[in-house]
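Quick note on labels: first sequence line is chain A, next is B, and so on, each numbered from 1.
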Amino acid sequence: MSSFFLTTAIDFVNSRPHLGTAYEKITADVIARYHRLKGDDTWFLMGNDEHSQNVFRRAQEQGKAPLAYCDEMEQVFREVWRGLDISFNDFIRTTDQKRHFPGVQTLVQACLDNGDVYEGTYEGPYCVSCEEFKPEKDLVDGLCPIHKTKPEWIKERNWFFRLSKYQRPLLAYYEEHPSFIEPEVRRNEVLRLVEDGLVDLSISRAGQSWGIPLPNDPQSVVYVWFDALTNYASAVGYGWDDEQFARRWPANLHIVGKDITRFHCVIWPALLMSAGLPLPGQVFGHGWVFFKGERMSKTMGNIVDPLDAAKRFGPDPLRLYLTKEVVYGADGDFTWERFEEKYNADLANNLGNLVNRVAAMTERYRQGRLVAGGGGSLATLAADSASAYRRAMDGLALHEGVAAAYRLISAANEYIAETQPWSLARDPAHADRLSGVLHDAAEAVRIAAVLLLPVMPSSAAEILRRMGETTAPGDLRFDTATAWRASGERGILNAGALWPRLEDKGAITVSETTPGTPSPSSASSAAPAPSAASAPSASAPAGTTPHPVAPAALEQIAIDDFMKVQLKVARILEASNVPKSKKLVQLKVDVGEAEPRTILAGIAESYQPEQLVGRTIVVVANLKPAKLMGIESNGMVLAASPEGGGALLLNAEPAVPGTRVR
RNA sequence: GCCGGAGUAGCUCAGCCGGUUAGAGCGAGCGUCUCAUAAGCGCUAGGUCGGCGGUUCGAGUCCGCCCUCCGGCACCA
């Protein structure tokens, strides 16, 4: 029996999971369940990333101790995962002192022992505004590229990892293991990044308490990315259970978002190399699921709560949608309209109705008992589907795997139309033929259900039950379960609609939060949800989950602090795009001074220069000048910057330019 | 600007190493059966395969240039 160890990224706990996060866990869960079905000794790890300053701040805002806050959030996350039927074997938290702390400290020590960690008495340029050391190569004319200020020459004690040393070993590794990074887009990106050269990385933060102390310098804590990456190893025993670690490590697959593939493809393997540990088999960078074509974000107010989508019929329709409709590795889109459309087509009309008609005819014509007959054309098709499915799933083409299962479902519907069991039933002479036809249809449905088991665990299990499968779903093994059964007797259960058809648009739409888009009533004419037996997880109390309350207490400043910032009314006299810049617009503004000022603003993606001339805006007048793209900017315009990008200028009532704003 | 990816029927996408009338699913229209959740099945949809040029007996399929979109980097006082 081969073993398979897969992980997902661990999540920051500063807000509850949204559909995008759920997407990652659902697809990983499909993979995990598929491997269990194949009989692999599967270990599926998930967890929470808690040693982040964001998390620390979030806890403070809510007036809670960080750890207590993380405890609460763990429950929130676990509840969502439960509601989605995520079958993780283990859940690691980075605040786990028994498992994670020793893992991290052992890894630091191993890198230290190998001479790859050195103390950063390295006199480095440190940008106070960034609160970050600036690598020499990032400096522009000796200034911080972001703040255009002269970095301070600081000797703050800091520990660095010799990432630069691993450029060649990493490139060699990618060369030897072409599938280490998938899909190819991500691989290209990472190759390019590493070829450009790697800079040593600080792995410690001094003067912080929220984190894991360095073994060699307990006054400092391990930097959060080092801390987080180590979870994959610490969870399976690294640093505290050598036997388990030897058995499970290395991971076969890290499932991560495309935004963090680089951490997993560069830093993580370099750390492992340094520590002399085997490298994971593959890092897969999945895409994002957008909502109506837009990135989900809190500021956009278009977050979809995964449990909302699982509310009416359990998690399976959502799980099917996300695996079947999104090409795995590419970005996808979720809309309620599309979700309902696919629900009706794939579940109500196709699979659900198929199960129903087979069961109903068997009950009516054969009192629910079927004896295996001759076997027909469907058997070959079932075998083809199963092997196509397997090929797709092994290559992580989840969408193709599901498509293969659906080809079998369609074939079964066609088969019934061709053979017309209802006609056969009218003539007693065709009794044997009728038995054979019903059996073959049921057998095809059974095999399709086996293929769908990883995607829709509870629904597929229910279908198997109705098709007379006597083996418990968890005990089924791919090869034997997908083999055509040409002998034996089985009882078929006719138990009503699995997925009632949705007649009204918006029937399962719930609590859409997009501003300006009133959510349609969730009332509908559709029949009630299926029985608890068919979808045990459907009973998750989705609607009752307490949402963390919005922020209240931000860090407060004194009025004096605010007065240091000189805000002034300004009128835009000229505006032009900055050559070679995607975001910058060059402005000439009247701030009530003798000469107009030149100010650069990163709003080119939101405004055409023509739209800007004549506007009255607010600028920061006493900001140190900075040079951007070779042009000096003397101030800063105020604009709202939504998380998803773009900028919205703050317009002022036309006051005299130069008027103080406060 | 540099690097990478993509642009094929209303929508989501297949089309490998170039070769008969460019495909699938969904949606839509029409027809049909009646076991079934007004579901199923069949037929239809006639799309300059982003644009221009080139290689070739022959190009979505190779080459060059251009346009658009997405992502990464730069940049976002």
| What is the distance from CG of A/Asn344 to P of B/rG25, rounded to the nearest Å? | 18 Å
| Distance, rounded to the nearest Å, where A/Glu400 contributes CD and B/rG25 contributes C1' | 13 Å
Could you pull out all donor-acceptor pairs under 3.5 Å where a side-chain atom in residues 352-365 of chain A meets a protein atom, sequence neighbours excluded?
residue: A/Arg357; atom: NH1; partner: A/Asn413; partner atom: OD1; Å: 2.7
residue: A/Thr362; atom: OG1; partner: A/Val358; partner atom: O; Å: 2.7
residue: A/Glu363; atom: OE1; partner: A/Asn494; partner atom: ND2; Å: 2.8

| field | Contacts of type salt bridge (charged side-chain N to carboxylate O under 4.0 Å, His left out), residue A/Arg262, not counting sequence neighbours | value | none
| How far does the P atom of B/rG46 sit from the matching atom of B/rC30, given to the nearest Å? | 15 Å
| query | Given atom CG of A/Leu424 and atom P of B/rC35, what is their separation to the nearest angstrom? | reply | 12 Å
| query | For A/Leu370, does its backbone N or O pair with a side-chain atom of A/Arg490 as donor and acceptor, under 3.5 Å? | reply | no
| query | Expressed as a whole number of Å, how far does the P atom of B/rU61 sit from that of B/rG15? | reply | 15 Å
| request: Output the single nucleotide from B/rC73, B/rA36, B/rG71 whose closest atom is nearest the side chain of A/Arg186. | output: B/rG71
| remark: Comparing nearest nucleotides in RNA chain B, the 5'-proximal residue of the pair A/Ala360, A/Lys324 is A/Lys324
| task | Kindly write out the residues that satisfy side-chain contact (heavy atoms from CB on, under 4.5 Å) with A/Leu381, not counting sequence neighbours, or none if the list is empty. | result | A/Ser385, A/Leu408, A/Ala411
| field | Selection from B/rC75, B/rC26, B/rC35 that lies nearest to any side-chain heavy atom of A/Arg364 | value | B/rC35
| remark: Out of B/rU37, B/rA77, B/rG25, minimum distance to the side chain of A/Ala497 belongs to B/rU37
| request: Could you check if the base of B/rG60 is syn or anti? Syn means the glycosidic torsion is within 90 degrees of 0. | output: syn
| Does A/Arg407 offer a backbone N or O that forms a donor-acceptor pair with the side chain of A/Ser410 under 3.5 Å? | no
| message | My validator wants the stems of RNA chain B: runs of 3 or more consecutive Watson-Crick or G-U pairs, both distances under 3.5 Å, written as range with range. | response | B:1-7 with B:67-73, B:10-13 with B:23-26, B:28-32 with B:40-44, B:50-54 with B:62-66
| request: Under the side-chain contact (heavy atoms from CB on, under 4.5 Å) rule, collect the residues that match up with A/Val326, sequence neighbours excluded. | output: A/Tyr23
| task | Could you measure between the two C1' atoms, the one in B/rA22 and the one in B/rC33, and give it in whole Å? | result | 33 Å
| task | For nucleotides B/rC67 and B/rG10, find the distance between their P atoms and express it as a whole number of Å. | result | 26 Å
| remark: Applying side-chain hydrogen bond (donor to acceptor under 3.5 Å, both in side chains) to A/His264 and not counting sequence neighbours gives A/Tyr232
| note | From CG of A/Leu320 across to P of B/rG25 the rounded distance in Å is 17 Å
| query | Looking for any heavy atom pair under 4.0 Å, which part of the strands does A/Arg187 touch: base, sugar-phosphate only, or nothing? | reply | nothing
| query | With A/Arg186, which residues qualify under salt bridge (charged side-chain N to carboxylate O under 4.0 Å, His left out), at least two apart? | reply | A/Glu189
Below 3.5 Å between N/O atoms, which protein atoms pair up with nucleotides 2-13 of chain B? Just atom names and distances, please.
residue: B/rC3; atom: O4'; partner: A/Arg192; partner atom: NH1; Å: 3.0
residue: B/rG4; atom: O3'; partner: A/Asn188; partner atom: ND2; Å: 3.3

| How far, in whole Å, is B/rC70 from B/rU32 if one measures between their C1' atoms? | 45 Å
| request: Mind telling me whether A/Tyr173 and A/His177 have parallel, tilted or perpendicular rings, with 30° and 60° as the class edges? | output: parallel
| field | Test side-chain contact (heavy atoms from CB on, under 4.5 Å) applied to A/Glu182 - qualifying residues, sequence neighbours left out | value | A/Ser179, A/Gln282, A/Phe284
| remark: Whether each nucleotide of nucleotides 39-44 of chain B has a protein heavy atom under 4.0 Å at its base (B), only at its sugar-phosphate (S) or at neither (-) is summarised, 5' to 3', as SSSS--
| message | Holding to salt bridge (charged side-chain N to carboxylate O under 4.0 Å, His left out), I want the full list of residues that pass it with A/Glu593, two or more places apart in sequence or in another chain. | response | A/Arg597
| request: Determine the Euclidean distance between corresponding P atoms of B/rU34 and B/rG29; express it in Å to zero decimal places. | output: 24 Å
| request: Just jot down the side-chain contact (heavy atoms from CB on, under 4.5 Å) partners of A/Leu198, sequence neighbours excluded, or say none. | output: A/Leu163, A/Gln167, A/Leu170, A/Val194, A/Val266
